[in-house]
Structure formats: C-alpha cells, structure tokens
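What follows is a single structure, written as structure tokens, with notes after it.
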Amino acid sequence: MDINRRILVTGGCGFIGANFVRLLLREYPDWRVINLDKLTYAGNLQNLEGIEENDQYRFVKADICDAAAMDKLFVDEQIDSVVHFAAESHVDRSITGPAAFIQTNIVGTFTLLEAARKTWLNNSWKGNDPRFLHVSTDEVYGSLGDTGMFTETTPFDPRSPYSASKASSDHLVNAYFHTYGLPVVITNCSNNYGPYQFPEKLIPLVFHNSMNGKPLPIYGDGKYVRDWLYVEDHCEAIVEVLTKGKNGLSYNIGGNNEKQNLEVVTRICDTLDAKIGMPKSGNPRKELVIFVKDRPGHDRRYAIDASFIKDQLGWEPKVTFAAGIEKTVDWYLANQDWVASVVDGSYQKYYETMYG
Ligand code: NAD
Ligand code: TYD
C-alpha cells in the first residue's frame, strides 16, 4: 500500500482523539496513523477496541513532554502531519490541580513544536509538505454576556487554569509560525459531545447518574450557555483544516447550537425516559436535578461564529442537536459496559491486557 501521509495523532485514546483515529482509519486508508498517548486517567485503549496495529496504524504509549522520545518518533516515522489533541481537558480538575495542565498543555505543546521544528525545518527533510494542527478550544476567548460571538480575532481572555494553559499553547504555536515559519494551523472549537466522552463531563455524567438514580449536580443557576457540537462534526472539520487550511491561521469551529445547561440536562433525561421508560421510582429523571455550589470563575456563555471556516473551507456542522443527543444516548445505552469500566477504573488495566 502506498502511504500518502504519516500522521501523528497525540491523545488518540481520549474522547475526541479516539473518534478522530476511527474516522481516519475508516476514510483515509492511505494515511499511516501513529497514535501517541500517555494513557492518563482520560486515555482509554478500549476507545479503540477492535483496531489492530498494522501498516496503517501504530499505538505508542509516551508522554508528549518527553523530548527525546518525540524527537526520535518524528525521525523514525518520518512524521509529516501532526494533529495535537493531547491535553488535560477538564476545567474542574484544572481548578483543584493546575500543575498537570501547565505541564502537558504548555510544556508538552512546546516539546512537540520543537520536535517538528528540528525535523521539518532541516535541509535533510525529504518528506511531504508538513503541517502541524493544534487542537484548541473556544475557552481561550473568555466569557460572553448575553450577546456577541467569538470570532478568530476576538482577543484571548482565558479565566480558568485550563483555558489559560490552552491559550498559552495557542500563543506558542503562533510564535513558531511567525518566528521559524513552522507550518501550523489552529482550531478553536466549542463543547463537544458524543461517544467515548469521559463521564466527568456534563453530558456523559448526566447519562450515568440518571441511569443510576443519582443526583444531577447543576452548577449555579444552570443558565450557563455552551455551544454544543457533535464530535464527528468536529473531527471532519479538523480534516478539512489539516488538508486545506492556510498556514498561520486559526479556524473557529462551532455547532451553531447554544443551549443553557439546564436545557441540555433536561433533554438527556427526557430522551432516556422516552427510550427506556421511567425509572423504578416512577418519577421523571429530570427530578434528579439538584443545584450545587457554582464552579469558581465559571464562564457564563460561549458562542462561536463559525462563518470563517464555512466561507473558506465549506465546512459546517451536519448533525443537529436533536439527532446528536439521540445518537449519543443510544451509544451510551448500547455501551454501558464501557461506562461501568470507566467508572470503576477497570479500563486502566486494559493496557496490560493488550500490551503486557
Ligand atoms: P480527553 O481528556 O478526553 O483526552 C485527552 C487525551 O490526551 C487522553 O487520551 C490522555 O491520555 C492524553 N494525554 C494527556 N496528557 C498527555 C501527555 N502528557 N502525553 C500524551 N498524552 C496525553 O480530551 P478531549 O475532550 O478528547 O479533548 C482533546 C483536545 O481537544 C484537547 O486538546 C482539548 O483542549 C480540545 N478540545 C476539547 C473540547 C471538548 O469539548 N472536549 C472542545 C474543544 C477543544
Ligand atoms: P463541562 O462538560 O465540564 O465543559 P466546560 O466546562 O469545558 O464547558 O461543563 C459544561 C457546562 O456544564 C459548564 O457550564 C459547567 C456545567 N456543569 C454542571 O453544571 N454540572 C456538572 O456536574 C458538570 C461536570 C458541568
């Protein structure tokens, strides 16, 4: 088989990364995919169950902060494309333990940029035109009031250790473009949902708790707004930017789908009630909602103006929120073993089963 791209996917055992690896293996058989993941608590090899290592796919357990390992991998595999997902990604964890966010999100991104710089901006590079795509978030732009939307020129105003670490990494990526001419693109996406999302994030947490009759904790007044995007739409947008984007640019990716948290939670509960019937208590699942102490520094509203990527690359979301929630609830219902193994921690033993 001729290989037309040698792509390093970092964090490919996480939520979005696993969906992305699956998309590549399905749609791009002539790309060699190297999935590099440290397998932190958020990395789960079961997210890629059924995928075998072969000419098209290799898994490497490593830390993106390990400079020697990154330098060697770039050379050994002649990596010509990077899609960089690996990160600490949960805002609540960044409040209780920010150090890992600084290390992975900032130092780790720097380490990868250095490996790319050394390999690609070197006269001996004989591979394809290279491209480094940094996957980032709309949270770098801060918090909106009732009106307005984030565009690519909105000034950064991060307010949590998570978003500050992602903003720092975006600045580093841009600096490598301007200073060294490294071929980079950045994507800033809104909140994703869909299969394989770790049940500490709102949507899978609500699924798990409501299936088990546990309270559904809503921070503050529940009127915080997020723009929700189905994960496969995000993955497709990333391929568009990787293959057709312009070096040095950032592309906002969003779902055109703003929802208050309480509305999202109610929708999941109602969908479950309709699909599998009322719980034993006989009460609708939405009655499990409890209002709890607010997250410190909680951003009020995120809203993405995704017109640039639509105008430039023709990408727009395909999956409506109604269809996406149906698909997501169906997936979690069909994969309750996956949820159970994540919740009881047994998924972390899967690596030993697979790799000894
Ligand atoms: P996730 O937490 O589910 O997965 C992160 C993955 O990175 C895990 O597999 C983990 O093992 C791996 N990882 C963490 N530290 C590592 C390290 N030092 N070295 C190697 N691997 C490491 O995250 P996610 O929700 O899939 O998000 C992926 C990326 O997309 C992140 O960069 C995040 O900032 C960005 N993003 C996420 C969302 C969202 O809604 N989830 C929205 C916009 C952008
Ligand atoms: P989350 O899924 O953590 O994503 P992010 O903080 O990156 O947007 O949270 C989504 C929204 O849901 C956010 O406004 C915080 C809120 N939330 C709750 O109200 N209760 C919860 O238990 C969680 C995890 C989140």
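Note that the coordinates shown come from a computational prediction; the quantities given were computed from them, not determined experimentally. Whatever order the structure lists them in is the order used to number ligands and atoms, beginning at 1.
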Worksheet item: Mind checking whether Tyr193 has a heavy atom under 4.0 Å from ligand 1?
Response: no
Fill in: Ala86 N/O under 3.5 Å from ligand 1 N/O
no
Worksheet item: Hey, is NZ on Lys246 packed in by over 12 heavy atoms from elsewhere, all under 6.0 Å?
Response: no
Worksheet item: Is Arg117 positioned over the aromatic face of Tyr180, cation under 6.0 angstrom from the ring centre and no more than 45 degrees off axis?
Response: yes
Practice prompt. Answer yes or no for Arg226 and Tyr193: cation-pi contact, defined as NZ/CZ to six-membered ring centre under 6.0 Å and angle to ring axis within 45°.
Written response: no
Item to complete: Please state which part of His298 comes within less than 4.0 Å of ligand 2, counting heavy atoms only: side chain, backbone, both or neither.
Response: side chain
Fill in: Atoms in ligand 2 with a heavy atom of Ile218 nearer than 4.0 Å
19 (O)
Worksheet, complete the sentence: protein heavy-atom neighbour closest to atom 16 (C) of ligand 2 works out as Asn261 ND2, 3.4 Å
Discussion item. Please report whether ligand 1 has a polar contact with Thr137, defined as an N or O pair separated by less than 3.5 Å (distance criterion only).
Written reply: no
Worksheet item: Do the numbers put Lys118 on top of the ring of Phe74, so that NZ or CZ is under 6.0 Å from the six-membered ring centre and no more than 45° off the axis?
Response: no
Worksheet item: Between the side chains of Tyr28 and Gln56, does any donor sit under 3.5 Å from an acceptor?
Response: no
Discussion item. Is there a polar contact, in the sense of an N or O pair closer than 3.5 Å, between Asn44 and ligand 1?
Written reply: no
Item to complete: Please indicate whether any nitrogen or oxygen in Asp63 is less than 3.5 Å from any nitrogen or oxygen in ligand 1.
Response: yes
Fill in: Taking atom 3 (O) of ligand 2 as the reference point, the nearest protein heavy atom with its distance
Arg295 NH2, 3.1 Å
Discussion item. To the nearest 0.5 Å, what is the distance between CG on Leu73 and CE on Met70?
Written reply: 6.0 Å
Discussion item. Would Pro217 count as being in polar contact with ligand 2, using the rule that some N or O on each side must be under 3.5 angstrom apart?
Written reply: yes
Worksheet entry | Nitrogen or oxygen atoms of His234 and ligand 1 under 3.5 Å apart | no
Worksheet item: So which protein heavy atom does atom 7 (O) of ligand 2 come closest to, and at what separation?
Response: Glu139 OE2, 2.6 Å
Item to complete: Using a strict cut-off of 4.0 Å, indicate which atoms of ligand 2 neighbour a heavy atom of His90.
Response: 3 (O)
Item to complete: Quick one: look up the protein heavy atom nearest atom 2 (O) of ligand 2 and list residue, atom name and how far away it is.
Response: Leu202 N, 3.0 Å
Worksheet item: Under 3.5 Å, N or O to N or O, is Asp37 touching ligand 1 that way?
Response: yes
Worksheet entry | Nitrogen or oxygen atoms of Lys38 and ligand 1 under 3.5 Å apart | yes
Item to complete: Report yes if His84 has an N/O atom closer than 3.5 Å to an N/O atom of ligand 1; otherwise report no.
Response: no
Worksheet item: Is Val91 touching ligand 2 with its side chain, its backbone, both, or neither, if touching means heavy atoms under 4.0 Å apart?
Response: side chain
Fill in: Under 3.5 Å: donor-acceptor pair, side chain of Asn188, backbone of Thr137
yes
Worksheet item: Side chain, backbone, both or neither: which part of Leu205 has a heavy atom under 4.0 Å from ligand 2?
Response: side chain
Worksheet entry | Polar side chain donor-acceptor pair, Ser136 to Asp170, under 3.5 angstrom | yes
Practice prompt. Please state whether the rings of Tyr141 and Phe156 are parallel, tilted or perpendicular, taking 30° and 60° as the class boundaries.
Written response: perpendicular
Discussion item. Determine whether Glu114 and Tyr176 satisfy the following criterion, side chain to side chain donor-acceptor pair (under 3.5 Å), listing intermediate values before the conclusion.
Written reply: CA-CA 9 Å; Glu114 276 292 275; Tyr176 271 65; 2.7 Å; yes
Worksheet item: For Glu200 and ligand 2, does the shortest N/O to N/O distance drop below 3.5 Å?
Response: no
Worksheet item: For atom 2 (O) of ligand 1, which protein heavy atom lies nearest, and how many Å away is it?
Response: Ser89 OG, 2.6 Å
Worksheet item: Does Asn191, backbone or side chain, put an N or O under 3.5 Å from an N or O of ligand 1?
Response: no
Worksheet item: Centres of the His90 and Tyr162 rings: under 6.0 Å?
Response: no
Worksheet entry | Minimum non-hydrogen distance to atom 25 (C) of ligand 2, winning option of Tyr302, Tyr219, Tyr224, Tyr193 | Tyr219
Worksheet entry | Nearest-option assignment for atom 4 (O) of ligand 2, heavy atoms, candidates Thr137, Asn191, Asn209 | Asn191
Worksheet entry | Close N or O approach (Phe85, ligand 1; < 3.5 Å) | yes
Practice prompt. On the 0 to 90° scale, with breaks at 30° and 60°, tag the Phe207-Tyr332 ring pair as parallel, tilted or perpendicular.
Written response: tilted
Item to complete: If the plane angle is over 60° it's perpendicular, under 30° parallel, otherwise tilted; pick one for Tyr302 and Phe150.
Response: tilted
Discussion item. If the contact criterion is a heavy-atom separation under 4.0 Å, does Ala100 count as touching ligand 1?
Written reply: no
